[in-house]
Amino acid sequence: MSWDELAPDGVYPIAGANALFLEPCRMISSAYAHYFALPHRYYSRSFFLRHHDHSADNPQTQLPQKKRKRKRKKPIHNHSNPKELLAEQRHQGIRQFILDAHQAFLAIPEVSDLLKSLEDLVHKSKGSSDCEEIHDTGTDMVDFVKLSYVWQSPFYDITLFGVQGSSLRSTAPISTFPLFKSTVENNLHKESIGICAGTTVILPEKSRFLMSDFADTWRTLASHLGNDYNFILIDPPWENKSVHRHAPYSTLPNKYLLSLPLKDLANHQGALIGLWVTNREKLWTFVEKELFPAWGVNLQAIWYWLKVKSDGQMITELDISHHKPYECLLLGYMLPHHKKDSSQVPPPKVPPDKQVLISIPGDHSRKPPLAWHDQMRGLELFARDLHPGCTSWGNEPLRFQQTQYFSKR
Ligand code: SAM
């Protein structure tokens, strides 16, 4: 059986566990009438790297067997300092819960069908073309962060076009906006195409974005983005040794997050706040003792994103001390405050505690998408993509909206 039959929207509830198996490409694609997200672009590392070790082809990288040293894994329990002890206690508190969710996932009768059909989709998608041919804007993807630093950046703009019928020919231009430091909105009830800086991007219906650096706009975020959000999702570029080393994006010192103007952005009836955190104890202490109190957020629930390989096994052993196969989404309420100029939209209900989201991770440490629904006035901070009805802010919110990530339906 295929995903079409079992979970057409990409969300498969796992019976007997507080857990869901997610297929992010399907979830993303359900937001578009004319396009779908290309699975091989989303998952290339998870599905292609494991099949072939390229270093084996190069005699220079081949070491004689006896000299090849295996990197030693960190000991399973290494409580050399109090922070590690606390982290271990936290882990012990939920490890059985995660194990049970994983067992329930592996026990789904159709699990091998789901994984196999996903693998087939990824391989099939590699053979298909992306939709770059819609506009003759070249095939290279643009690095928006780098582009924002060039002296000409204030002169870049983005022109939006509607999408017409199945031929996908764009209509006459709808509107043009500055590309950086300006709020850009697709106010159509269908997706539109944006041409900017030599690339083509796809904007979901009713989506908005602001592409700017924290340093330039933190004081003015609310005046750019509005003050009416009842759900705010935040995935900060946390400082971390491995992020530094591999540098997929620049990081931001924790203390700057304290000055994110969340109260100004939230609806006056309060808002649900979702914050992604890694497993470092130092980070948890900062969030619990400083960040949430500064933002006025009460922690209500924790969700766990469990990363599995294409064969369904966890990406690392569960108990390795510095590299857990899961990350956490902390969910809490920002309490109502007295601000008269926003509308009466109560925040969404706090979701149940201890939900496990299981998925095969995409490239570039992309988080699995959350299902944004119509009643949400959603805002994503440090976003790299757009969602229907939501506003995305960050220094590269168009990164995964480039047409190379999509194909025509
Ligand atoms: N949630 C995203 C996803 O799943 O694709 C990942 C977000 S990633 C953890 C953090 C993002 O913050 C990166 O896109 C990074 O470029 C951006 N960022 C880093 N420093 C920034 C700054 N000073 N201002 C705005 N965005 C910044």
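Counting starts at 1 for both ligands and their atoms, following the listed order. Model, not experiment: these values are computed from the prediction.
With respect to the salt-bridge test (charged N to carboxylate O, under 4.0 angstrom), the residues Arg26 and Asp4 qualify.
Scanning all protein heavy atoms for the shortest distance to atom 17 (C) of ligand 1 gives Asn395 OD1, 3.3 Å. What sits closest to atom 4 (O) of ligand 1 on the protein, heavy atoms only, is Lys367 N, 2.8 Å. The shortest contact between atom 5 (O) of ligand 1 and any protein heavy atom is with Arg384 NE, 2.7 Å. Residue, atom and distance of the protein heavy atom nearest to atom 13 (C) of ligand 1 are Glu396 OE2, 3.5 Å. Counting protein heavy atoms only, atom 10 (C) of ligand 1 is closest to Asp235 O, 3.6 Å. Closest protein heavy atom to atom 24 (N) of ligand 1: Phe214 N, 2.8 Å. Looking only at protein heavy atoms, the nearest one to atom 9 (C) of ligand 1 is Tyr249 OH, 3.2 Å. Protein heavy atom at the shortest distance from atom 19 (C) of ligand 1 is Ser250 O, 3.1 Å.
Remark: the Glu327 side chain and the Tyr304 side chain contain no N/O donor-acceptor pair separated by less than 3.5 Å. Of the N and O atoms on the side chains of Thr251 and Trp238, not one donor lies less than 3.5 Å from an acceptor on the other residue. Between the side chains of Thr199 and Gln402, at least one donor N or O lies within less than 3.5 Å of an accepting N or O.
The OH atom of Tyr43 sits 12.5 Å away from atom CG of Leu38, with the distance rounded to the nearest 0.5 Å. Rounding to the nearest 0.5 angstrom, the gap separating the CG atom in Leu86 from the NE2 atom in His91 is 14.5 Å.
Close contacts between ligand 1 and Ser212 involve ligand atoms 25 (C) [criterion: under 4.0 Å to a heavy atom]. Taking every heavy atom of Pro236 and a limit of under 4.0 angstrom, the matching atoms of ligand 1 come to 9 (C). For ligand 1, the atoms closer than 4.0 angstrom to any heavy atom of Leu252 are 23 (N).
Dense packing is recorded around NE2 of His364, with more than 12 heavy atoms of other residues, nucleotides or ligands lying under 6.0 Å away. The environment of Lys367 atom NZ is dense: over 12 non-hydrogen atoms of other residues, nucleotides or ligands sit within 6.0 angstrom.
At a heavy-atom cutoff of 4.0 Å, ligand 1 is contacted by both the backbone and the side chain of Phe382. Residue Ala215 does not touch ligand 1, judged by heavy-atom distances below 4.0 Å. Proximity of Asp213 to ligand 1, defined as any heavy-atom pair under 4.0 Å, is shared by backbone and side chain alike.
Contact between Ala383 and ligand 1 is absent, with no heavy atom of the residue lying under 4.0 Å from the ligand.
A tilted orientation is assigned to the rings of Phe105 and His102, their planes being inclined by 30° to 60°.
A cation-pi geometry, defined here as NZ or CZ lying under 6.0 Å from the six-membered ring centre and within 45° of its normal, holds between Lys307 and Trp305.
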